[in-house]
Each structure stands twice: as C-alpha cells, then as structure tokens.
Amino acid sequence: MSKADHMLSILWLLKSQRRITAKQLAEKLEINIRTVYRYIDALCASGVPIIADSGHNGGYSLLGQFNDAPLVFDLDEQKALIHAAAFAQEAGYPYGEKLSQAIAKLKMYTNQEQLRQINLHEQGLDVIHPQADASEAVLLQEVEAAVAQSKTIHVQYQKGYGAVTEAREIDPYGLVCWKNKWYVVGHCRLRNEIRSFRVDRIRALDTRDTSFERPADFSARKFLLAGVLPDSDKSVQLISVKITGKEQALDDLCGHWFLVHTLVERTQFEAHFRMEEGAIRLHFPYLLLTYGGTIQIKEPPLLKKLMVGITKNLYNYYVAAELD
C-alpha cells in the first residue's frame with residue numbers, strides 16, 4: 001500500500017479502537033514500527049488530534065470530538081459520489097484515472113453491508129461513455145491547472161475543419177463542458193476580447209509564466225450559453241412559428257436546448273415559438289428534418305419554403321450520386 005493508504009488505515013484503526021499501541025499498528029499493517037511513528041507524526045502535522053499516552057496501558061487514541069465524527073461517508077453519500085463519478089467519466093472528466101482510484105478507496109474502507117448496497121446501486125445506473133481521447137485528457141489537465149493558477153497559455157488552434165492552425169495566447173478563465181464538448185473560455189490576447197475555444201481543436205499547448213487576474217464574478221458557463229442560446233433582451237422582431245404533430249414528438253422538440261427559451265405556448269398537439277429570422281434560416285430547418293413526418297409546420301411560410309428547398313437539394317444530391 002502507498003503512504004496515503006497506510007495513513008488512512010492508521011486513522012481507521014484509531015477510530016475503531018479506544019487505544020492502540022505503535023506495536024499493534026505495525027503488526028496489523030505489517031510495517032516497521034519506526035514507519036508507524038513517522039505516519040503518526042505526519043497525521044498530527046496535518047491536523048489530526050492524536051493523543052499519545054505513555055505507560056503500561058498507554059498507546060494512541062483520537063480526541064473525543066474527532067473520534068465521534070464520521071470518518072467515511074454514509075450509504076446515501078457514497079451512492080451519490082459513485083453515481084456522480086459515472087457522469088463525470090461520461091463528460092470526459094480529465095482526471096478520470098484518479099477518480100476511479102478514489103472510488104476504489106471508497107469501496108475499500110466501507111463495511112460489507114454498505115459495499116453490497118453500493119454495488120447494487122452502481123449496477124443499476126449506467127452512463128454511456130464517449131470514445132476516450134487520451135491526448136484531449138492531457139490537454140484538459142493542463143488547461144485546468146492554468147485556470148486554477150491564473151497562468152496564460154499559448155496554443156496552436158485549428159479554426160473550423162481545415163488543417164491550418166494559428167497561434168493564440170489565452171488567459172483562461174474557466175472550462176465548460178457543453179453537449180459532450182469541452183470549451184476553454186478566456187481573454188484572447190490576439191483579438192483583445194473574451195472568447196471560447198474548443199479544447200479538441202487545440203493542437204499544441206504551452207503554459208507561460210505570465211499571470212493574469214480573472215475578472216470578478218465572471219462565469220464561463222454564462223458566457224458560453226450567451227453565445228449559443230437565443231437572447232430575449234435583443235430588440236429585434238421575432239417571427240411566430242407554429243408546429244403541430246404527435247404529442248411525444250412535440251415534447252421532444254419543446255425540450256430541445258435550442259428551443260426551450262423560445263417556447264410561447266404549448267397545447268397537446270401544437271407548439272408555438274417566437275424566433276429570430278436568422279435562427280430560422282440557419283439552424284431550425286435541419287433540426288426539424290430529424291422529426292420526419294411526426295410534425296408539420298403551420299407557419300411561417302418562410303420556414304415551409306426553406307424545408308422544401310433543403311429536402312429538394314438532398315433528393316437531387318442523392319439521385320445524382322446514385323447515377324454516378
């Protein structure tokens with residue numbers, strides 16, 4: 001076992017027994033008694049209130065108040081941590097290996113009944129993990145460290161889907177996971193403004209010694225969402241969009257992240273939205289295509305025309321491809 005594991009074991013034994021000697025600790029853990037003394041000193045230095053009594057009935061014990069406090073989490077807390085770990089792994093959490101080690105330790109130091117219950121709850125919840133990208137995990141760790149230490153990063157960034165990259169210096173304010181993609185939000189020194197960058201498009205990264213000061217009360221999450229969600233505060237004319245269809249299809253449509261803020265009214269078989277014309281032209285028709293014949297557009301005529309044009313172009317494209 002590692003030093004940390006031995007120290008945790010000593011702490012557990014001290015909590016489990018009223019008083020225990022260094023010799024007894026050494027025998028139980030199968031380590032040298034001098035090593036026990038070093039670990040006891042390290043625990044005391046970290047703030048654990050260990051009392052050492054000398055004499056025939058002496059030994060080590062914990063201060064009463066600390067001994068009464070729970071050393072490990074209760075069953076519901078353990079279950080919640082294990083479930084949260086599953087979702088963190090699904091999001092591509094950069095410290096996944098360490099997270100797995102922490103969960104293994106959690107299971108190691110619980111009692112048999114709690115372990116049985118934990119395994120039952122763990123088996124009852126599955127999260128489908130994306131294909132792991134080891135290089136992106138390393139990048140995420142470096143960016144997360146730069147955010148925590150307020151250090152500037154120099155990156156080679158790929159714009160769009162081309163092969164060309166450009167150098168950027170970024171003061172990273174935060175990391176955000178949005179729809180299974182990781183973004184770093186920060187001040188771009190080239191553009192002299194706050195921007196977001198997809199981590200999977202960073203081709204090289206170097207952390208500088210330069211420090212920066214993060215703006216007070218800045219939220220990377222709010223900044224990113226402001227760029228992808230409709231802005232209800234804009235003084236632009238909104239277009240009424242009415243769609244009818246099957247109830248379940250409308251439920252799914254109304255719950256979509258892009259539309260949830262534009263919904264005006266919903267009945268069992270109709271949904272009424274108000275949207276900007278730009279959103280209708282650029283994004284909405286392609287989203288509606290995925291619903292096939294389960295929905296139907298009532299208004300506006302603009303959206304119907306766009307749908308006809310897109311489906312005609314797709315039909316002509318695949319007909320031509322078939323003839324080739």
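Values below: every heavy atom of this structure, side chains too, minus hydrogens, waters and symmetry copies.
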Could you tell me the separation between the [atom1] atom of [X] and the [atom2] atom of [Y], rounded to the nearest 0.5 Å?
X: Cys177; Y: Glu90; atom1: SG; atom2: CD; answer: 7.5 Å
X: Phe223; Y: Arg195; atom1: CZ; atom2: CZ; answer: 8.5 Å
X: Glu136; Y: Trp182; atom1: CD; atom2: CH2; answer: 9.0 Å
X: Leu288; Y: His256; atom1: CG; atom2: NE2; answer: 10.0 Å
X: Leu81; Y: Lys79; atom1: CG; atom2: NZ; answer: 11.5 Å
X: Leu115; Y: Glu122; atom1: CG; atom2: CD; answer: 9.5 Å

Between [X] and [Y], do the side chains contain an N or O donor and an N or O acceptor separated by less than 3.5 Å?
X: Ser211; Y: Lys151; value: yes
X: Arg203; Y: Gln156; value: no
X: Ser100; Y: Gln89; value: yes

Shortest non-hydrogen contact between [X] and [Y], atoms and distance:
X: Glu299; Y: Lys304; value: N-CE, 4.4 Å
X: Val199; Y: Val184; value: CG2-N, 4.1 Å
X: Ser61; Y: Asp53; value: OG-OD2, 4.3 Å
X: Ala146; Y: Pro172; value: CB-CG, 4.0 Å
X: Ile31; Y: Thr35; value: CD1-CG2, 4.2 Å
X: His154; Y: Ala167; value: NE2-CB, 3.7 Å

Are [Y] and [X] co-members of a hydrophobic cluster defined by side-chain heavy atoms under 4.5 Å apart?
X: Ile194; Y: Ile170; value: no
X: Phe87; Y: Ile82; value: no
X: Phe258; Y: Leu302; value: yes
X: Leu306; Y: Tyr317; value: yes
X: Ile297; Y: Leu282; value: no

Please determine whether the number of non-hydrogen atoms from other residues, nucleotides or ligands lying under 6.0 Å from atom [atom1] of [X] exceeds 12.
X: Glu193; atom1: CD; result: yes
X: Glu322; atom1: CD; result: no
X: Arg34; atom1: CZ; result: no
X: Glu213; atom1: CD; result: no
X: Tyr95; atom1: OH; result: yes
X: Arg19; atom1: CZ; result: yes

### Query
For Tyr173, which of Phe218, Tyr183, Phe197 qualifies under ring pair (Phe, Tyr, Trp, His ring centres under 6.0 Å)?
Phe218
Looking only at atom types and distance, does a side-chain atom of [X] sit under 3.5 Å from a main-chain N or O of [Y], one as donor and one as acceptor?
X: Arg189; Y: Glu169; result: no
X: Tyr157; Y: Arg198; result: yes
X: Gln158; Y: Arg201; result: no
X: His121; Y: Gln78; result: no
X: Glu270; Y: Thr267; result: no

With side chains defined as the heavy atoms from C-beta onward, is the minimum distance between [X] and [Y] less than 4.5 Å?
X: Glu142; Y: Ile153; result: no
X: Ile50; Y: Leu62; result: yes
X: Asp252; Y: Tyr291; result: yes
X: Met275; Y: His283; result: no
X: Ile10; Y: Ile20; result: no
X: Leu43; Y: Tyr60; result: no
X: Gln149; Y: Thr207; result: no
X: Lys159; Y: Val164; result: no

### Trace of the side chain to side chain contact (heavy atoms under 4.5 Å, CB included) decision for Gln248 with Thr294
CA-CA 9 Å; Gln248 288 185 338; Thr294 61; over 6 Å; no
### Task
Verify the ring-centre separation between Phe212 and His187: is it less than 6.0 angstrom?
no
### Task
Let me see the working for Leu238 and Phe273 under side chain to side chain contact (heavy atoms under 4.5 Å, CB included), right down to the final yes or no.
CA-CA 9 Å; Leu238 300 179; Phe273 306 92; over 6 Å; no
### Query
Charged N to carboxylate O below 4.0 Å: is that the case for Asp251 and Arg266?
yes
### Verdict with supporting geometry, Thr210 and Asp171, side chain to side chain contact (heavy atoms under 4.5 Å, CB included)
CA-CA 9 Å; Thr210 311; Asp171 297 334; 5.9 Å; no
### Message
As a quick check of understanding, evaluate side chain to side chain contact (heavy atoms under 4.5 Å, CB included) for Met307 and Leu289, giving each step before the final call.
### Response
CA-CA 8 Å; Met307 294 294 291; Leu289 280 176; 3.8 Å; yes
